[in-house]
Amino acid sequence: MSKTEDSGVETPKADNFIEAIIKQDLAEGRIEKVVTRFPPEPNGYLHIGHAKSICVNFGLAETFGGECNLRFDDTNPAKEDQEYVDAIKEDVRWLGFQWAGDIRYASSYFDQFYQWALYLVKEGNAYVCDLTAEQASEYRGWATAPGKDSPFRSRSPEENLALLEKMRAGEFDEGHCVLRAKIDMASSNMNLRDPILYRIRKESHHQTGDKWCIYPAYDFAHGQEDAIEGVSHSICTLEFADHRPLYEWFLEHLPVPAKPRQYEFGRLNINYTVTSKRKLKQLVDDKVVAGWDDPRMPTISGMRRRGYSPAAVRNFCQSLAVAKTDGVVDMAQLEFFIREDLNDNAPRAMCVLNPVKLIISNFEEHINGDVQTVAAPVHPGKEELGTRELPFTKELYIDRADFSEDTTLGRKKFKRLVFGEYVRLRSAYVIKADEVIKDAEGNIETIIASLVPDTVGESPPEGIKPRGVIHWVSASHGKQATVRVYGRLFVHEAPDRGEENFMQHLNPDSLSVLQNCWVEPSLADAAPEGAFQFEREGYFVADRYDHQAGSPVFNMTIGLRASK
RNA sequence: UGGGGCGUCGCCAAGCGGCAAGGCACCAGGUUUUGAUCCUGGCAUUCAGAGGUUCGAAUCCUCUCACCCCAGCCA
């Protein structure tokens with residue numbers, strides 16, 4: 001019985017099928033404690049799809065008072081790296097989860113796996129096969145055609161034992177032979193046609209170094225890892241459903257300490273992006289993005305750098321169903337949760353992205369000194385957060401998009417500053433645009449305006465109706481900043497689909513760097529990863545690495561919802 | 001074509017024989033010193049299709065169709 005994490009009304013969510021199974025297992029006494037695990041292979045960075053899996057696994061453990069392990073499924077040293085191990089640990093922690101006990105590694109069970117391989121050989125359930133990869137493929141048969149037995153299938157246990165020892169001792173070259181389970185070459189399930197247990201890889205492993213030159217295959221490792229750790233419910237994605245019979249075969253034929261059960265649910269897909277470590281790695285390797293944590297990446301570290309909060313990502317994941325349908329979730333659904341969280345929590349601030357100077361011609365007439373300090377709420381919905389001080393000066397910056405010379409523009413259509421008309425400067429005065437100064441090319445250089453006295457926090461006199469409210473920054477006291485604005489990485493809603501290469505659907509304008517932005521003074525002191533709402537624009541975050549007090553750098557997290 | 005899985009609103013999804021929840025998106029109003037937020041209302045006589053069982057079906061049966069996964073010494 002989980003609840004939405006939203007602060008709103010507690011809507012009890014219906015049990016998903018796994019929760020229903022767990023409740024029954026608990027009720028029937030089949031298990032006494034729920035133990036799950038999140039088992040990534042350290043061959044890339046985690047993405048939003050893994051975030052769902054993390055939430056499901058850790059969430060289940062939490063719901064039922066159990067435990068969830070973080071286990072690296074590191075059975076293929078050729079593709080793995082310590083860098084990924086470190087990044088994954090950080091991502092899981094950042095999301096807000098704590099694994100039970102120490103980090104687990106499949107590689108720390110290698111000795112046990114080898115003992116179990118010997119056991120299988122002795123029982124006559126496994127054999128060393130010398131078929132080449134191509135030959136093995138032929139022998140495996142086809143979906144409609146049964147495979148045929150390998151000529152090495154009938155080797156005696158003694159012979160197999162000797163051969164396996166030699167494999168382990170490094171006496172054979174890579175590819176020379178493999179250890180296979182003796183199951184059924186005619187099975188309609190291809191996974192049961194004598195699957196590979198061990199292959200030779202003369203590769204140094206990030207955890208075990210050069211201790212091994214043979215490595216267990218996924219199928220020969222996963223169920224046993226779960227058994228060793230006492231995992232009660234081994235949850236994975238749909239594509240492993242065909243492996244379940246094999247998962248169970250090993251648990252039945254080996255003297256394992258427990259019998260975990262595997263359940264599969266649909267993996268998360270989101271439109272306008274890709275969620276495949278292989279493809280994300282290609283984006284990184286081809287330098288299409290700046291790295292795994294580029295804010296445009298759907299990786300956990302990318303979302304972090306983009307300014308998504310862990311809570312928002314978790315809320316999104318919890319809004320998703322744990323079911324067997326595989327659908328494509330609309331990016332708008334993720335964005336809803338990002339905005340919801342940021343709207344509630346991000347302090348407000350002002351930033352002019354595309355500045356044009358505005359001079360208050362009657363500044364001296366109404367204001368003593370060079371600057372008047374006006375107060376603005378940190379968060380209009382949360383008075384308890386207090387106010388921030390803004391320096392109002394003679395020269396200001398407003399956004400070019402907030403001014404128009406076209407006096408025929410309707411008030412509903414353009415709620416900003418129009419030549420000869422009034423507009424409210426947020427938290428400050430109502431002003432009127434009196435004059436426009438242009439350069440030789442006719443571009444607007446400066447707008448001369450006049451303020452309406454006594455309008456800070458007060459309504460303007462009768463007859464003066466500001467078209468709207470615009471944001472501004474003091475030209476003399478504001479700070480210049482760099483703002484990186486992001487668009488979706490792909491133009492196509494399903495870049496994966498079809499035969500075409502997903503790289504063809506990249507959005508050439510997914511990043512624009514604005515270097516002449518102006519932020520209110522206090523923002524120069526923002527802490528890295530500090531999130532703000534730049535009013536009327538959207539949510540922005542001080543870059544985790546590049547933002548510095550002297551030279552502020554913000555990343556656009558997401559724009560405000562724009563109505564018509 | 002063999003095996004596995006799955007089809008309920010544009011998207012996600014509840015529903016488990018008693019008369020189609022909810023969220024996102026969208027549309028229409030209201031409030032508003034953010035065209036944001038917030039508030040109100042609208043949005044599947046129909047559940048991939050066709051038969052059948054039943055007083056009654058999205059829920060049971062039959063057939064058909066669609067889509068996804070599997071033929072790595074990847075996970």
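Each chain gets a letter, A, B and so on, in the order its sequence line appears, and its residues count up from 1. All figures in this text were calculated on a predicted structure; none of them were measured in a lab.
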inquiry  = Taking A/E229 first and then A/R71, would you say they form a salt bridge - that is, a charged N and a carboxylate O separated by under 4.0 Å?
reply    = yes
B/A75 phosphate, OP1 or OP2, under 4.0 Å from A/T75 side-chain N/O = yes
query = The side chain of A/L560 lies closest to which of these nucleotides: B/C70, B/G35, B/U34?
reply = B/U34
Below 3.5 Å is the cut-off: list the nitrogen or oxygen pairs between protein and nucleotides 17-19 of chain B, distance only.
none

task = Show your working on salt bridge (charged side-chain N to carboxylate O under 4.0 Å, His left out) between A/D399 and A/R536 and close with a plain yes or no.
result = CA-CA 11 Å; A/D399 200 285; A/R536 298 212 313 130; over 6 Å; no
inquiry  = Counting only side-chain heavy atoms from C-beta out, which of B/U33, B/G4, B/A75 sits nearest to A/R426?
reply    = B/U33
Just the table, please: protein N/O against nucleotides 23-25 of chain B N/O, every pair under 3.5 Å.
unit_1, atom_1, unit_2, atom_2, d
B/G23, N2, A/Q333, OE1, 3.2

inquiry  = Between A/K413 and A/D406 (salt bridge meaning N to carboxylate O under 4.0 Å), is one present in this structure?
reply    = no
request  = Using only heavy-atom distances, determine whether the side chains of A/S319 and A/Q333 contain a donor-acceptor pair under 3.5 Å.
outcome  = yes
Between protein and nucleotides 6-8 of chain B, what N or O pairs are separated by less than 3.5 Å?
none

ask   = Would you say B/C70 has OP1 or OP2 under 4.0 Å from some side-chain N or O of A/R244?
value = no
message = Nearest to the side chain of A/A143, heavy atoms from C-beta on, is which of B/G2, B/A75, B/A13?
response = B/G2
Mate of B/C60 where both pairing distances stay under 3.5 Å, Watson-Crick or G-U = B/G52
query = So which nucleotide from B/C73, B/G3, B/A75 ends up closest to the side chain of A/F240?
reply = B/A75
key: Name of the residue among A/E535, A/R339, A/Q533, A/E537 meeting side-chain contact (heavy atoms from CB on, under 4.5 Å) with A/L560   = A/Q533
request  = Looking only at side-chain atoms of A/R424, point me to the closest of B/G2, B/U33, B/U37.
outcome  = B/U33
inquiry  = With a 6.0 Å cut-off (strictly less than), is the heavy-atom count around CZ of A/R267, excluding the residue itself, greater than 12?
reply    = no
query = Taking the side chain of A/A217 as heavy atoms from C-beta outward, which of B/A75, B/U33, B/C73 is closest to it?
reply = B/A75
message = As a test of reading the structure: which of B/A14, B/G35, B/G3 is closest to the side chain of A/D242, going by heavy atoms?
response = B/G3
query = Touch check for A/V456, heavy atoms < 4.0 angstrom, all strands: base, sugar-phosphate only, or nothing?
reply = base
query = For the side chain of A/H471 and the backbone of A/C351, is there at least one donor-acceptor N/O pair under 3.5 Å apart?
reply = yes
note = Quick note, A/A241 side chain, CB onward, closest among B/G4, B/G35, B/A75 is B/G4
key: Nearest-angstrom distance from the residue atom CZ of A/R71 to C1' of B/A75   = 12 Å
task = Measure centre to centre between the rings of A/Y105 and A/F72, then say whether the value is under 6.0 Å.
result = yes
task = Assert yes or no for the condition that the ring centre distance of A/H243 to A/Y247 is strictly below 6.0 Å.
result = no
key: Donor-acceptor pair present, A/R536 side chain and B/U34 base, under 3.5 Å   = no
request  = Check whether the side chain of A/E537 and the base of B/U34 form a donor-acceptor pair under 3.5 Å.
outcome  = no
inquiry  = Evaluate A/Y263 against A/F17 for ring pair (Phe, Tyr, Trp, His ring centres under 6.0 Å), listing each step before the verdict.
reply    = CA-CA 10 Å; A/Y263 297 96; A/F17 79 99; 7.2 Å; no
inquiry  = So A/S276, base contact, sugar-phosphate only, or nothing? Heavy-atom distance under 4.0 Å.
reply    = nothing
ask   = Would A/F152 and A/Y139 count as a close aromatic pair, with their ring centres under 6.0 Å?
value = no
request  = Select one nucleotide: of B/G2, B/G35, B/A75, the one nearest the side-chain heavy atoms of A/M190.
outcome  = B/G2
message = Just checking A/F316 against A/Y308, ring centres under 6.0 Å apart?
response = no
inquiry  = From C-beta outward on A/K79, which listed nucleotide comes closest to its side chain: B/A75, B/A13, B/C74?
reply    = B/C74
